[in-house]
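Numbers restart at 1 for each chain; the letters A, B, ... are given by sequence-line order, proteins then strands.
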Amino acid sequence: MTGFDLDDSVLQAPTEPPFLNGLNPEQRTAVLTTEGPVLVLSGAGTGKTRVLTTRIAYIIAAGLARPWEILATTFTNKAAKAMKDRLIQMIGADGESVGLGTFHGIGARILRKHAAEAGLTPNFVILNSDDQERLLKQIMQEVGIDTKQYAPKIMLDIIQRWKDRGLMPDAVSAGQLSDFCEGRGLGLYQLYQKRLGELGAVDFGDLLLLLLELFKNNAPVLAHYQNQFRYILVDEYQDTNVAQYMLLRLLARGHNNLCCVGDDDQSIYSWRGAEVDNILNFGKAFPDALIVRLEQNYRSTGHILGAAAGLIARNAGRLGKTLKVADTRDGAGEKVAVRGFWSGDREAQKIVELIENRQRLGTPLSHMAILVRASFQTRAFEETLIRAGMPYKIFGGFKFYEREEIRDAVAYLRLIENNADDLAFLRIVNKPRRGIGDQAVSALVAAGKEKSRCLLDAIAAADLRPAPRKTLEAFAEKIAGWAELARKTDLVSLAKRVLEESGYIAMWRDDKSADAPGRLENITEFYNVLSDFETLQDFLEYVALITDADDAPDGDALMIMTLHASKGLEFEHVYLPGWEEGLFPHQKALDESGAEGLEEERRLAYVGITRAQKSGFISYAGNRRVYGQWQNALPSRFIDELPAGHVQADSEIRGGVRAEPSFFTWGKSGRPDFSAPRHAGERSARVGKRVHHELFGDGIVIRADGDRLEVHFDAHGSKKILARFLTEL
DNA sequence: GCCGTCTGGGTTTTT
DNA sequence: CCCAGACGGC
């Protein structure tokens with residue numbers, strides 16, 4: 001198909017490609033406005049994926065660009081794959097060659113192509129977060145920082161945030177956390193980058209940061225891609241970070257055809273460096289931009305949308321959208337149910353019962369989902385589901401590639417591919433046990449440092465006792481042998497040989513613990529995955545960038561996942577447990593990010609509700625076991641914020657929706673205190689009690705108004721305090 | 001160098 | 001409560 005003019009008369013002519021049929025006017029505008037910057041504000045369930053794929057299809061079908069001249073980025077590999085599949089359905093094999101992937105995946109591809117210009121070796125490995133932390137910890141210890149006092153994880157987080165903002169070490173300005181670790185934070189960043197270079201490795205952030213540097217420092221390379229990408233499309237724009245924004249700016253300077261799709265109300269990844277301002281300021285950054293709002297919702301009932309809208313309306317700083325129900329044939333549907341329970345266990349039990357009922361009435365389990373705030377919540381459900389014999393699938397739980405045995409296997413392959421990968425070396429040099437302990441490893445590290453060689457090459461120079469020396473020399477020889485083998489054989493045979501000859505398989509076979517057989521199974525599965533790849537490098541890149549959000553459950557199973565993982569998905573019936581103060585909104589979000597944190601939590605709640613097509617069920621528990629201790633909590637403020645007209649509330653805790661908190665047990669050990677409903681008069685019973693507060697010390701309750709107490713502290717006078725911050729004396 | 005015991009820390013998590 | 005990592009004894 002060729003030759004569609006942008007001329008209106010032609011667009012309306014019968015030659016119009018069939019895939020434009022059925023778009024609403026706004027979607028049509030978003031698809032057909034191919035030239036210049038466009039921001040598509042796409043509310044939940046308004047068909048943004050359809051708009052994106054149709055837009056790509058249209059650009060190709062109209063002959064505006066060839067497939068490889070289009071760059072389209074998504075948030076996950078899964079989304080990229082889904083989009084590619086749809087595209088191929090629409091326009092056939094041409095869809096195959098569209099530059100479609102995650103920012104990181106595309107970054108890796110370009111960096112490998114221009115490795116020399118970017119100052120990298122072409123076979124660089126991409127470190128996972130585990131490796132990153134280990135490496136940084138190593139560095140911190142080398143320079144004599146107490147890693148107990150300064151957690152490597154926190155330092156890594158700071159470095160990551162710098163990278164998210166496109167800052168190389170020399171660009172980090174003083175003050176901005178650079179003085180973490182007694183003023184050595186920035187120095188650690190520098191060292192960390194240096195070590196990555198020596199290892200022939202990059203981390204996730206580098207895939208964007210080093211690409212940005214490449215473009216900034218190498219005009220011909222930048223010009224090449226500016227020229228190549230005639231049309232750029234970005235999905236989930238609200239979750240892009242500053243580095244991604246800068247990359248887009250640079251690339252779009254070529255043809256100025258940038259189309260970003262997103263929803264500011266669904267921005268939930270700021271804790272990971274996402275910058276909501278990207279979407280909020282799009283109009284400023286691209287003054288000639290067209291802004292299209294998609295507000296026609298094709299997913300949910302009126303009550304679901306009404307409840308969600310009422311909640312999100314509490315947020316300030318929105319671009320503002322009003323979702324409209326597309327299909328009103330069934331009226332507004334069921335009201336969103338809000339329920340209170342005594343305990344987390346009761347909550348789980350009740351929700352599973354409700355799901356069973358739905359299933360009995362004919363809804364497949366896979367059309368229902370439980371969405372939780374924090375992963376520990378899944379446990380109560382798992383236990384109940386196992387007892388009920390109901391198949392379920394926990395999404396984003398244990399990741400295949402994060403399992404110990406898989407990481408070990410991958411480490412063997414990494415070391416074979418790149419002898420300089422010291423992290424991989426350290427991981428497996430004594431796994432299985434070969435008698436290489438701290439002593440030998442320290443000697444190796446010292447020698448490696450002195451001669452600036454990688455650990456594998458440092459064996460000869462290291463000060464070693466005879467036994468470990470012999471072992472290590474044999475080990476190095478084996479690695480060399482396998483590297484030789486890698487050139488001659490396929491990946492599966494290679495991996496099998498390596499894991500057998502290294503004794504790794506035997507290690508698990510001899511292991512009598514209960515999970516050893518499972519680990520061997522996982523290794524077999526690992527061979528299966530390997531069979532899909534031609535080269536070790538392809539596979540290692542895949543492993544580094546993949547997540548197992550991709551693996552779909554087999555058969556009909558109930559989905560359990562975090563709210564974060566649910567973004568972009570939809571289910572007929574959605575269950576949202578754990579709406580309690582402290583859990584949702586999460587205390588840590590409030591403590592660390594204050595009002596902004598609260599708004600992000602609220603957006604998360606909005607994401608949760610808008611996943612539902614037909615019904616939503618929100619619940620809270622008065623008492624919950626967290627890390628083995630019973631804690632109690634108040635219903636989430638988000639429950640109060642739901643507009644009454646769209647909600648049907650009930651509670652097994654006395655007092656309806658606003659549950660009476662069980663008093664004075666917060667953080668104290670012991671027993672569940674929920675078993676008996678409290679009798680009236682309890683409230684006044686609090687007055688006169690001696691209490692303790694973390695900050696203000698001891699005091700006496702002088703007034704009680706629900707959970708709000710007025711306490712006269714011995715040392716600080718009267719203060720109004722929430723009951724849960726107090727302990728009874 | 002290995003293995004048992006103790007201590008501390010546990011939000012979300014994709015790339 | 002449950003896991004990972006540190007520490008100390010063999």
Nearest-Å distance, [atom1] ([X]) to [atom2] ([N])?
{"X": "A:Trp579", "N": "B:dT11", "atom1": "CH2", "atom2": "C1'", "value": "17 Å"}
{"X": "A:Lys588", "N": "B:dG9", "atom1": "NZ", "atom2": "P", "value": "11 Å"}
{"X": "A:Arg625", "N": "C:dC1", "atom1": "CZ", "atom2": "C1'", "value": "8 Å"}
{"X": "A:Asn430", "N": "B:dG1", "atom1": "CG", "atom2": "P", "value": "8 Å"}
{"X": "A:Glu581", "N": "B:dT11", "atom1": "CD", "atom2": "P", "value": "17 Å"}
{"X": "A:Asp157", "N": "B:dT12", "atom1": "CG", "atom2": "C1'", "value": "12 Å"}
{"X": "A:Glu133", "N": "B:dG9", "atom1": "CD", "atom2": "C1'", "value": "13 Å"}
{"X": "A:Lys153", "N": "C:dG5", "atom1": "NZ", "atom2": "C1'", "value": "14 Å"}

Next on the checklist: Taking the basic N atoms (NZ, or NE/NH1/NH2) and the acidic carboxylate oxygens, is any pair closer than 4.0 Å for A:Arg161 and A:Asp164?
Outcome noted: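 Yes, A:Arg161 and A:Asp164 are salt-bridged.
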Is the distance between the ring centroids of [X] and [Y] less than 6.0 Å?
{"X": "A:Phe526", "Y": "A:Phe539", "answer": "yes"}
{"X": "A:Phe584", "Y": "A:Trp579", "answer": "yes"}
{"X": "A:Phe75", "Y": "A:Tyr269", "answer": "yes"}

Item to check | Per A:Ala440 side chain, nearest of listed nucleotides B:dT14, B:dT13, B:dG1 | outcome: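 Of the candidates, B:dG1 comes closest.
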Item to check | Per A:Arg272 side chain, nearest of listed nucleotides C:dC2, B:dT11, B:dT14 | outcome: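 Taking heavy atoms from C-beta onward, the closest nucleotide is B:dT14.
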Checklist entry - Just checking, is any N or O donor in the side chain of A:Glu382 or A:Tyr392 under 3.5 Å from an acceptor N or O on the other one? => result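 A pair is found: one side chain offers a donor N or O, the other an acceptor, under 3.5 Å apart.
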So what does [X] touch, heavy atoms closer than 4.0 Å: a base, only the sugar-phosphate, or nothing?
{"X": "A:Arg379", "result": "sugar-phosphate"}
{"X": "A:Asp239", "result": "nothing"}
{"X": "A:Glu592", "result": "base"}

Next on the checklist: Taking the nucleotide of DNA chain B with the nearest heavy atom to each, does A:Ala589 or A:Phe103 sit closer to the 5' end?
Outcome noted: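 In this pair, the answer is A:Ala589.
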Item to check | Earlier contact from the 5' end, DNA chain B, for A:Leu563 and A:Ile436 | outcome: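 So the residue in question is A:Ile436.
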Next on the checklist: With a 4.0 Å cutoff (strictly under), does any side-chain N or O of A:Arg433 reach OP1 or OP2 of B:dC3?
Outcome noted: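 Indeed, a polar side-chain atom of A:Arg433 lies that close.
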Next on the checklist: Any side-chain N or O of A:Ser375 below 4.0 angstrom from OP1/OP2 of B:dT12?
Outcome noted: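 The answer is yes; a side-chain N or O of A:Ser375 sits under 4.0 Å from OP1 or OP2.
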Checklist entry - So, do A:His586 and B:dT11 meet the stacking rule of ring centres under 5.5 Å and planes under 30°? => result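 So yes, this residue stacks on that base, both cut-offs being met.
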Checklist entry - Is the A:Tyr189 ring parallel, tilted or perpendicular to the A:Trp162 ring (thresholds 30°, 60°)? => result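 Aromatic pair A:Tyr189/A:Trp162 classed parallel.
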Item to check | A:Phe103: ring-ring contact (aromatic ring centres under 6.0 Å, His included) partners, not counting sequence neighbours | outcome: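 A:Phe103 satisfies ring-ring contact (aromatic ring centres under 6.0 Å, His included) with no residue once adjacent residues are dropped.
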Pairs under 3.5 angstrom, nitrogen or oxygen only, protein versus nucleotides 6-9 of chain C, please.
{"residue": "C:dA6", "atom": "OP1", "partner": "A:Lys137", "partner atom": "NZ", "Å": "2.7"}

Checklist entry - Quick one: are A:Leu188 and A:Ile158 in side-chain contact, heavy atoms under 4.5 Å? => result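 Side-chain contact under 4.5 Å: no.
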